Amino acid sequence: RTGAITPVARIAPQMVGGVTVENVTLHNVGEVERLGLKIGDKVTITRRGDVIPKIIENLGPANQKDLENRFHANGDEFSIQLKQEQIIIPQLCPACERELVIDGAFLRCISLECEARTNRAITYWCRSLEMDGIGEKLVELLLDKGLISSIADLYSLEHHQISSLERMGDKSANNVIEELNKTKNLSLSKFLHALGMERIGPEVASVFAQHFITMEAILKWVDSGEIEQVTQIDGIGEKVAEIFKLGIQKRRQSIDDLMELIGINDEDSKHSGSLDNQTFCITGSHSRGRKEIALAIKNAGGKVVGSVSKNLDYLVAGEKAGSKLITAEGLGITIMTETELFEKIKPQKSSTSKTLFEF
DNA sequence: CTGTGCCCTTTCGTTCGGAG
DNA sequence: CTCCGAACGAAAGGGCACAG
């Protein structure tokens with residue numbers, strides 16, 4: 001979507017924290033250089049928070065002995081001829097073969113016509129709008145068959161076009177169309193987020209949406225407005241304002257097409273309720289899905305964050321909570337259960353009348 | 001100019017459900 | 001049975017905004 005090339009290292013199978021790891025994130029091109037990695041090097045790895053495998057240190061060239069007695073997760077023996085080679089940083093995009101550009105620590109394809117980027121943009125659209133069942137593979141299939149070439153094309157898909165695809169049937173096609181129909185009316189903030197502009201995630205999109213209220217106002221600003229009008233918003237600086245403006249301009253055709261197909265609703269004013277000005281982080285497993293819990297918190301005026309810090313007010317911890325719970329305990333943060341959270345929310349459920357009254 | 005904190009984005013393995 | 005996709009677990013690097 002942003003055109004960044006994200007390198008991944010394949011490593012000989014290694015048990016870490018109870019699972020067999022064969023793929024390790026390298027984050028960005030800068031990281032490869034920082035580690036001075038070569039193919040055939042021996043490395044030490046860890047799993048960040050017992051989850052994502054990451055290289056800590058490069059120990060230099062490996063030898064054949066390092067590869068002995070290693071097995072894939074399914075029990076098959078690992079066998080490969082050890083070779084030592086330089087890593088060649090690609091000059092051209094592996095997908096569209098256009099020239100790549102170094103951007104800080106990242107290596108990017110900046111072509112908007114790149115098929116890989118189109119796929120990412122469409123996948124991101126679907127994921128950010130929480131459509132189930134439309135993933136990378138299906139999008140790739142649709143692109144390959146020429147059934148779509150943009151986000152807007154999704155909304156013209158017909159049942160028979162989807163059901164005739166490999167591994168898709170009547171039922172799957174129905175599900176896909178139903179999911180698409182569900183997104184034919186969007187709030188402005190969701191729409192802006194789903195456009196997938198760099199650095200404009202759900203929070204920032206919401207800030208812009210609250211400022212402009214309507215898509216028409218945004219388009220008007222892009223055509224004639226000054227950057228200054230937007231940099232006055234709390235949390236928005238010159239850079240983000242510029243990215244936003246350029247992002248809308250670059251996507252103008254796409255936005256016009258989408259506005260023909262879907263309704264963009266004016267942004268509601270912020271939710272408020274019993275959890276105003278309080279931050280929550282969710283960890284562990286709960287009876288409700290995380291999305292549902294997060295939504296309930298937001299609807300009550302609370303804020304959901306992804307990590308534990310000293311500024312966090314409450315950690316909602318369920319079963320099998322991991323390091324977040326330990327961190328929170330260390331910081332003296334209030335730990336609550338899912339049940340306690342919903343008890344806190346419940347009493348002021350009828351916020352509609354309250355809001356009306358305030359006006 | 002610098003430090004702090006926040007936001008965005010991405011990463012892998014396991015497990016499970018839905019469909020073909 | 002096989003494939004796909006999603007839901008989980010959770011951190012970190014980059015980069016910005018802003019306060020001091």
Side-chain angles (χ1 to χ4, degrees), chain A residues 1-11 13-31 34 45-56 72-74 103-106 120 123-124 126-128 130-141 163 165-176 179 193 196-207 231-243 279 281-286 288-292 303-312 318-327:
Chain A
R1 176 172 67 91
T2 59
I5 311 271
T6 49
V8 170
R10 301 272 305 153
I11 59 165
Q14 171 66 44
M15 286 292 283
V16 190
V19 304
T20 306
V21 171
E22 295 196 60
N23 297 289
V24 185
T25 178
L26 279 173
H27 217 77
N28 55 49
V29 170
E31 184 77 353
R34 193 180 66 79
I45 63 171
T46 181
R47 291 175 72 205
R48 297 193 307 225
D50 264 354
V51 183
I52 304 297
K54 170 192 162 44
I55 294 180
I56 302 172
H72 297 288
N74 66 8
D103 173 15
F106 299 101
R120 291 289 271 210
T123 310
Y124 188 88
C126 294
R127 205 184 56 210
S128 68
E130 294 171 17
M131 292 185 223
D132 290 339
I134 312 178
E136 197 190 327
K137 298 275 170 163
L138 178 57
V139 172
E140 196 178 334
L141 205 54
S163 62
L165 294 170
E166 256 174 77
R167 294 205 60 79
M168 294 298 282
D170 184 53
K171 207 154 189 175
S172 296
N174 280 337
N175 289 343
V176 167
E179 288 296 314
H193 171 207
M197 290 175 278
E198 210 182 318
R199 252 166 239 300
I200 315 244
E203 290 294 326
V204 179
S206 173
V207 170
T231 52
Q232 281 166 1
I233 307 171
D234 194 25
I236 306 297
E238 241 171 79
K239 302 247 181 185
V240 172
E242 197 66 40
I243 289 168
T279 58
C281 180
I282 308 166
T283 191
S285 28
H286 303 267
R288 301 170 179 82
R290 284 162 102 98
K291 273 183 200 163
E292 195 190 332
K303 191 175 163 191
V304 181
V305 298
S307 61
V308 176
S309 74
K310 64 180 195 299
N311 296 318
L312 182 68
E319 277 173 48
K320 286 194 283 178
S323 56
K324 281 186 179 170
L325 180 56
I326 296 161
T327 311

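In this text the structure is predicted, and so the values were computed from the model without any measurement. In the text below, chain A, chain B and the rest are named by the order of the sequence lines, each starting its count at 1.
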Is there a side-chain polar atom (N or O) of [X] under 4.0 Å from OP1 or OP2 of [N]?
{"X": "A/T25", "N": "C/dA12", "value": "no"}
{"X": "A/K54", "N": "B/dG13", "value": "no"}
{"X": "A/S172", "N": "B/dG18", "value": "no"}

Assert: residue with more 5' nearest nucleotide on DNA chain B, out of A/H27 and A/V19, is A/H27
Which comes earlier along DNA chain B counting from the 5' end, the contact point of A/V204 or that of A/R48, where each point is its nearest nucleotide?
-> A/V204
When the aromatic ring centroids of A/Y124 and A/H193 are compared, is their separation below 6.0 Å?
-> yes
Assess whether salt bridge (Lys or Arg N to Asp or Glu O under 4.0 Å) is satisfied between A/K137 and A/E140, documenting all intermediate values.
-> CA-CA 5 Å; A/K137 298 275 170 163; A/E140 196 178 334; 5.8 Å; no
Please figure out whether A/R47 or A/K137 has its closest DNA chain C nucleotide nearer the 5' end.
-> A/K137
Taking for each residue the nucleotide of DNA chain C bearing the nearest heavy atom, is the 5' side occupied by A/D132 or by A/D234?
-> A/D132
Quick one: does A/T46's side chain have a donor or acceptor within less than 3.5 Å of a partner on A/R48's backbone?
-> no
Is the backbone N or O of A/V21 less than 3.5 Å from a side-chain atom of A/Q14, with the two atoms forming a donor-acceptor pair by type?
-> no
Starting from [atom2] on [N], measure out to [atom1] on [X] and report it in whole angstrom.
{"X": "A/N23", "N": "B/dT14", "atom1": "CG", "atom2": "P", "value": "11 Å"}
{"X": "A/I243", "N": "B/dC8", "atom1": "CD1", "atom2": "P", "value": "12 Å"}
{"X": "A/E136", "N": "C/dC3", "atom1": "CD", "atom2": "C1'", "value": "14 Å"}
{"X": "A/M168", "N": "C/dC4", "atom1": "CE", "atom2": "P", "value": "12 Å"}
{"X": "A/D170", "N": "B/dG20", "atom1": "CG", "atom2": "P", "value": "8 Å"}
{"X": "A/R127", "N": "C/dG5", "atom1": "CZ", "atom2": "C1'", "value": "12 Å"}
{"X": "A/I55", "N": "C/dA12", "atom1": "CD1", "atom2": "P", "value": "15 Å"}
{"X": "A/E203", "N": "B/dG5", "atom1": "CD", "atom2": "P", "value": "18 Å"}

Choosing from [options], which nucleotide comes nearest the side chain of [X]?
{"X": "A/P202", "options": "C/dA10, B/dC8, B/dC7", "result": "B/dC8"}
{"X": "A/K239", "options": "B/dC12, C/dA17, B/dT11", "result": "C/dA17"}
{"X": "A/K171", "options": "B/dC12, B/dG20, C/dG14", "result": "B/dG20"}
{"X": "A/K303", "options": "C/dA17, B/dC7, B/dT11", "result": "B/dC7"}

Touch class at under 4.0 angstrom, heavy-atom based, for [X] against every strand present:
{"X": "A/E22", "answer": "sugar-phosphate"}
{"X": "A/N174", "answer": "nothing"}
{"X": "A/L138", "answer": "sugar-phosphate"}
{"X": "A/M131", "answer": "sugar-phosphate"}

Per the atom types in the model, does the base of B/dT9 pair as donor or acceptor with the side chain of A/R199 at under 3.5 Å?
-> no
When A/I5, A/V29, A/T6, A/N28 are each screened for side-chain contact (heavy atoms from CB on, under 4.5 Å) with A/F106, the one that passes is A/N28
Do A/E31 and A/K54 pass the salt bridge (Lys or Arg N to Asp or Glu O under 4.0 Å) test, and can you show the C-alpha distance, the side-chain angles, and the key distance before you say yes or no?
-> CA-CA 11 Å; A/E31 184 77 353; A/K54 170 192 162 44; 3.7 Å; yes
